[in-house]
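Input: a single structure, listed below in structure tokens.
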Amino acid sequence: MLSIHEHATLEEASEELFEYALEPSNWMTPQPAEQAAASVSQDVRYQRRVGPLRIYAVLEVAPSLEVFLRVAFRAPGLTPVKAADHLETFLKQRLPLTPNSEWQVEVDERRWIHFVRRYAAPRLQA
């Protein structure tokens, strides 16, 4: 059984997890909502831990070839507002948040708080 890598800080976890998630061979296809929650909690390759906080990050390639970044957090008593603070810290080194950046936010039945946004610009149409 694989275990979740633990880190002392969110910045350390971000550096290692982003490096893994950005590797094209680790990109995934989006899953139906009912399967997505189960895969988040089961696939530890895309997870890191900082104390009680669990972090999940993956790049998803849709059938239309759109690429989305999904970052999720889970911890006892975690709220979407506090998770947004964690997201800002997690992304700071590679993808700093800017005013008016749009993220979809959802909470699944396992209490993971997901943030999703387009990672790459839309593909060009000829």
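Everything quoted here is computed from the prediction, not taken from an experiment.
Residues forming a ring pair (Phe, Tyr, Trp, His ring centres under 6.0 Å) with Phe115 (at least two apart in sequence, or on another chain): none. For Asn26, the side-chain contact (heavy atoms from CB on, under 4.5 Å) partners are Tyr20, Glu23, Tyr46, not counting sequence neighbours. Looking at residues two or more places apart in sequence or on another chain, you find a side-chain contact (heavy atoms from CB on, under 4.5 Å) between Val116 and Phe68, Arg70, Gln104. Under the salt bridge (Lys or Arg N to Asp or Glu O under 4.0 Å) criterion, Glu16 pairs with Arg48, not counting sequence neighbours. Judged as a side chain to side chain donor-acceptor pair (under 3.5 Å), and not counting sequence neighbours, His86 has no contacts. Shown here are the side chain to side chain donor-acceptor pair (under 3.5 Å) partners of Glu6, two or more places apart in sequence or in another chain: there are none. Qualifying side-chain contact (heavy atoms from CB on, under 4.5 Å) partners for Val67, counting only residues two or more places apart in sequence or in other chains: Trp27, Leu59, Val61, Tyr119, Ala120. With sequence neighbours left out, Ala21 forms a side-chain contact (heavy atoms from CB on, under 4.5 Å) with no residue at all.
When all heavy atoms of Arg118 and Glu66 are compared, the pair lying nearest together is NH1-OE2, 2.6 Å. In terms of heavy atoms, Ile113 sits closest to Pro80 at CD1-N, 3.7 Å. Here the closest non-hydrogen pair linking Arg45 and Leu17 is O-CD1, 4.3 Å. For the residue pair Ala83 and Leu78, the shortest heavy atom distance occurs at N-CD1, 3.8 Å. Here the closest heavy-atom approach between residue Val50 and residue Thr9 is recorded as CG2-O, 3.5 Å.
Within the structure, salt bridge (charged side-chain N to carboxylate O under 4.0 Å, His left out) pairs that include any residue of residues 92-102 do not occur (at least two apart or interchain). Residue pairs that meet the ring pair (Phe, Tyr, Trp, His ring centres under 6.0 Å) test with at least one member in residues 87-109, sequence neighbours left out, are Phe18-Phe90.
More than 12 heavy atoms of other residues, nucleotides or ligands lie within 6.0 Å of CD in Glu106, so this atom counts as buried by the packing criterion.
Residues His114 and Asp108 have side chains in contact (heavy-atom distance under 4.5 Å, counting atoms from C-beta outward). Side-chain contact between Leu69 and Leu91 is present, with heavy atoms from C-beta onward closer than 4.5 Å. Taking the side chain as every heavy atom from C-beta outward, Val107 and Trp112 never approach each other to under 4.5 Å.
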### Query
Given the rule in the side chain to side chain contact (heavy atoms under 4.5 Å, CB included) test, do His7 and Arg49 qualify, once you have shown the distances and angles that lead to the verdict?
CA-CA 6 Å; His7 297 277; Arg49 182 185 296 265; over 6 Å; no
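Note that CG of Leu87 and CZ of Arg117 are 9.5 Å apart. Values are rounded to the nearest 0.5 Å. Here CD of Gln47 is found 9.0 Å from CZ of Arg74. Values are rounded to the nearest 0.5 Å.
Hydrophobic clustering (side-chain heavy atoms under 4.5 Å, transitive across Ile, Leu, Val, Met, Phe, Trp, Tyr) groups Leu65 together with Leu22.
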